[in-house]
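Chain letters run A, B, ... following the sequence lines, proteins first and then strands; every chain starts at 1.
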There are 2 protein chains.
Amino acid sequence: MSTGINPRPMRSRTGRRALGSVELAGTAGSRSRREILDAAARILRSHGYHATTLRDIAAAVGMKAGSIYYHFASKDEIVAAVMNDGVDHVLNTVESALRLLPPAADPRLKVEVAIRSHLSALLEYSDYTSAGLKAYSDAPEAVRQAARAHRRRYEAIWGRLVDDLMRAGRSPPGTSAQTLRLAVLGMMNWSPEWYRPTRHSIETLAREFAALLVQAKA
Amino acid sequence: MSTGINPRPMRSRTGRRALGSVELAGTAGSRSRREILDAAARILRSHGYHATTLRDIAAAVGMKAGSIYYHFASKDEIVAAVMNDGVDHVLNTVESALRLLPPAADPRLKVEVAIRSHLSALLEYSDYTSAGLKAYSDAPEAVRQAARAHRRRYEAIWGRLVDDLMRAGRSPPGTSAQTLRLAVLGMMNWSPEWYRPTRHSIETLAREFAALLVQAKA
DNA sequence: GTCTATATGAAGATAGAC
DNA sequence: GTCTATCTTCATATAGAC
């Protein structure tokens, strides 16, 4: 049985491949296709993998469930696209923000900027990113498999940030690079469980998280 | 429509109330009841709320799905019991470990011991604890509601640990008590996403996480 | 491109035999 | 206490009309 998430010819208007669409800005691709993904991301974010139904997604874009299959081959193809777009989006957000800093910027500032960008994508701007985080562990293995390359690419950014930190002698004493990376991803990725826009400030959270990870300049 | 998770008379052999059973050790309660909860915890931990079916749980204890209803009024009653037992278990684990320390123990040691106990319950010993974490956000509001009191009680432990830290002047500069608490719960509770017994040591992780949260003695 | 109608399966829950 | 049988609902997915 095919899971329908492997790239293969689709009868889509534009003929773009099903997986790996990267342009969240919508520079290409059919209107409906992006609208469906937007709705799916929104519902996946709040309801999770199993509680998100094609009927819900279809209703959110003013369609019936059957019509979805003109645009996507399966539910899992939609989920995979949302998940991968979500990771790619937070990757682009963080990388863009880091590129605006001078290469010689203080490592503490780099970490703080990266955290702020990550939290902002996760909590404010991208249903895709939070949907991906929430749905990942419930999705079928084929979907998770397709997501792994994207995730690894993103996690490498944090590997580099942490390495810079250690090379600059600014990591807290007694912590390995590996643990530092897992710790920062954990505090950030757990935040959807408690974050309330009215109670917390992303700006402040980023500053304080960075303070935990980076030693003050000697 | 009743969700079936509110305590009410059950036709159970022992007549114990449905929710809030605290004795994980099984000092009381019917054999089948605890066996069902054990199986439910194990399956919930790996499959999550929606993908855990009464048929699966029943099969795991050598029953048919219909028979479950002799012991529990609904799936959500089972889920709520697992979740609440899970929180109570990690609370007892952490509190017991802390009680073994002298009251005047170094705050760093207290934090490290608490982290080790939490990680140990979450990753090694209790299906209930990890099941509760994984199922919480997918469970119906009535189940989450029933869990809140338990969670709050547990989180208060970390509030106290962090307060001690700040009073002792050992918290990292520039971090609030609130953020410190959310950060440590985040790095710990995200760990089921990446932890592999063959690759990580709970002992080491606890030491390194504690190093992040507690300043070296001046 | 979207619809209606439907095939197919699986879920939670109940009734009543044993 | 557990079983079988069944009710009801709702999911993904397909076929074919428009």
Enquirer: Do the side-chain N or O atoms of His50(B) get closer than 4.0 angstrom to the phosphate oxygens (OP1, OP2) of dA11(D)?
Expert: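 His50(B) to dA11(D) OP1/OP2: no side-chain N or O under 4.0 Å.
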Enquirer: Does Ser32(A) make a side-chain N or O approach to OP1 or OP2 of dT2(C) shorter than 4.0 Å?
Expert: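 So the side chain of Ser32(A) is within the cut-off, an N or O lying under 4.0 Å from OP1 or OP2 of dT2(C).
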Enquirer: Rounded to whole Å, how long is the line connecting atom NE2 of His71(A) with atom C1' of dG1(C)?
Expert: 6 Å
Enquirer: Does a side-chain N or O from Lys64(A) land closer than 4.0 Å to OP1 or OP2 of dT2(C), or not?
Expert: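 For dT2(C), OP1/OP2 do not have a side-chain N/O of Lys64(A) under 4.0 Å.
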Enquirer: Any chance the side chains of His150(A) and Asp85(A) put a donor and an acceptor closer than 3.5 Å?
Expert: no
Enquirer: If you compare every side-chain N and O of Tyr70(B) against the phosphate oxygens of dT2(D) (OP1, OP2), does one of them come in below 4.0 Å?
Expert: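 No, because none of the side-chain N or O atoms of Tyr70(B) sits under 4.0 Å from OP1 or OP2 of dT2(D).
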Enquirer: Within this structure, what is the CG-to-C1' distance between Asp76(A) and dA11(D), rounded to whole angstrom?
Expert: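 The distance from CG of Asp76(A) to C1' of dA11(D) comes to 13 Å, rounded to the nearest Å.
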Enquirer: Measure the distance from NZ on Lys75(B) to P on dA10(C) and round it to the nearest whole Å.
Expert: 15 Å
Enquirer: Calculate the interatomic distance between Leu54(B) atom CG and dT2(D) atom P; express it in whole Å.
Expert: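 It is 15 Å, rounded to the nearest whole Å.
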Enquirer: To the nearest angstrom, how far is Ile78(A) atom CD1 from dA11(D) atom P?
Expert: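 Going from Ile78(A) (CD1) to dA11(D) (P), I get 14 Å.
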Enquirer: With respect to the phosphate group of dC3(D), does any side-chain polar atom (N or O) of Ser67(B) fall under 4.0 Å of OP1 or OP2?
Expert: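 Answer is yes, contact under 4.0 Å.
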Enquirer: Any side-chain donor paired with an acceptor under 3.5 Å for Tyr128(A) and Asp38(A)?
Expert: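 Their side chains do contain a donor-acceptor pair, which is all the 3.5 Å distance test asks for.
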Enquirer: Please tell me which of Gly66(A) and Asp56(A) maps to the more 5' nucleotide of DNA chain D, matching each residue to the nucleotide holding its nearest heavy atom.
Expert: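 Result: Asp56(A).
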Enquirer: Starting from P on dA11(D), measure out to CD1 on Ile43(A) and report it in whole angstrom.
Expert: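 So the CD1-P distance, Ile43(A) to dA11(D), works out to 12 Å.
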Enquirer: Identify the residue among Thr179(A), Thr175(A), Val184(A) that makes a side chain to side chain contact (heavy atoms under 4.5 Å, CB included) with Leu212(B).
Expert: Thr175(A)
Enquirer: Would you mind reading off the distance between Phe72(A) atom CZ and dT2(C) atom C1', rounded to a whole angstrom?
Expert: 15 Å
Enquirer: Mind checking the CZ-OG spacing from Arg42(B) to Ser46(B)? Nearest 0.5 Å is all I need.
Expert: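 Taking CZ in Arg42(B) and OG in Ser46(B), the distance rounds to 8.5 Å.
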Enquirer: Rounded to whole Å, how long is the line connecting atom CD1 of Ile57(B) with atom P of dA13(C)?
Expert: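 In whole Å, dA13(C) P lies 11 Å from Ile57(B) CD1.
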Enquirer: Check this for me: does any side-chain nitrogen of one of Glu112(B) and Arg116(B) sit under 4.0 Å from a carboxylate oxygen of the other?
Expert: yes
Enquirer: Can you tell me if the side-chain N/O atoms of Tyr69(B) get under 4.0 Å from OP1 or OP2 in dT14(C)?
Expert: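 Answer is no, no contact under 4.0 Å.
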